[in-house]
Amino acid sequence: MIKIAVFTVMMPEYDLQQTAATLAAKGYDGVEWRVTRVDPSKADQPPSYWGNNRSTVDVETIGEKALEIKGMSDAAGLEICNLACYEPGDAFERIEKIMQAAQKMGVCSMRVGVPRYDRTRPYPELLQEARRNLGQIEKLAKKYGVKDRKST
C-alpha cells in the first residue's frame, strides 16, 4: 500500500499544529517536517516558502520540542517519514543535535547537505569533501538509529 506524505515547506501559512490537523483532515499518512533556523525578524512578513514559513520546526529548539512534535504528529495519525534539514554536511554538531531529536521522535530518516558546485572549487575536491563528511555523518547515524529505510 502506498502512503502519501507532505513536505511542510508547501504549507507556509500554517503553524505546526494547523499543518498536522490539515494533513490529517485531508487524509495524508505522513509528514516530512521542514527543519531549519526560524528567523524571528521575518515573523511580520507574509507567509512564504523560503522566508516566513510557519510550518517549520526551528532547528534551534528541535531537541526540546521533539516529543511535542512527535505527539502532535501521532495525534493527527501522521507518521514522520523524514526531517528535511538544510544543514551543510560539515555541521556535525548541529546534525548530531537533529539526530538526537530524530531518535526521540522515532524518525529514521533525515537529509543533510553536500557541498554546492558553484565553479569556485573543482568538482573532484567537492566530491572528496562530501565523502569525508558523509563518512562522519554515517557514524552519527549509526549511533542514533537514523538511516536509510531500506536498511531497516
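Applying the side-chain contact (heavy atoms from CB on, under 4.5 Å) criterion to K104, with sequence neighbours excluded, gives A66, L67. Residues passing the side-chain contact (heavy atoms from CB on, under 4.5 Å) test with R94 are V59, E60, E87, A91, sequence neighbours excluded. Partners of D118 under the side chain to side chain donor-acceptor pair (under 3.5 Å) rule, at least two apart in sequence or in another chain, are T120. By the side chain to side chain donor-acceptor pair (under 3.5 Å) test, K42 pairs with no residue at all, sequence neighbours left out. Among residues two or more places apart in sequence or in another chain, the side chain to side chain donor-acceptor pair (under 3.5 Å) test is passed with D39 by S41. Among residues two or more places apart in sequence or in another chain, the side chain to side chain donor-acceptor pair (under 3.5 Å) test is passed with N53 by T56. Under the rule for a side-chain contact (heavy atoms from CB on, under 4.5 Å), the partners of K142 that lie at least two apart in sequence or sit in another chain are E138. Under the salt bridge (charged side-chain N to carboxylate O under 4.0 Å, His left out) criterion, K70 pairs with D74, sequence neighbours left out. For the side-chain contact (heavy atoms from CB on, under 4.5 Å) test, residues two or more places apart in sequence or in another chain that qualify with P124 are P122. For E68, the salt bridge (charged side-chain N to carboxylate O under 4.0 Å, His left out) criterion is met by no residue, not counting sequence neighbours.
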Identify all side-chain donor-acceptor contacts of residues 5-24 below 3.5 Å with residues at least two apart in sequence or on another chain.
unit_1 : atom_1 : unit_2 : atom_2 : d
T8     : OG1    : R34    : N      : 2.9
T8     : OG1    : S55    : O      : 2.9
D15    : OD1    : Q17    : N      : 3.1
D15    : OD1    : Q18    : N      : 2.7
Q18    : OE1    : D15    : N      : 2.9
T19    : OG1    : D15    : O      : 2.9
T19    : OG1    : S55    : OG     : 2.7
T22    : OG1    : Q18    : O      : 2.7

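One N or O on the side chain of N82 and one on the backbone of M110 form a donor-acceptor pair closer than 3.5 Å.
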* To do: For side-chain contact (heavy atoms from CB on, under 4.5 Å), just list the numbers for E32 and I80, CA-CA rounded to whole Å, side-chain angles, deciding distance to a tenth of an Å, and then say yes or no.
  => CA-CA 6 Å; E32 179 181 18; I80 304 173; over 6 Å; no

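Through side-chain heavy atoms spaced under 4.5 Å, either directly or across other Ile, Leu, Val, Met, Phe, Trp or Tyr residues, L126 is tied to Y117, Y123, L127.
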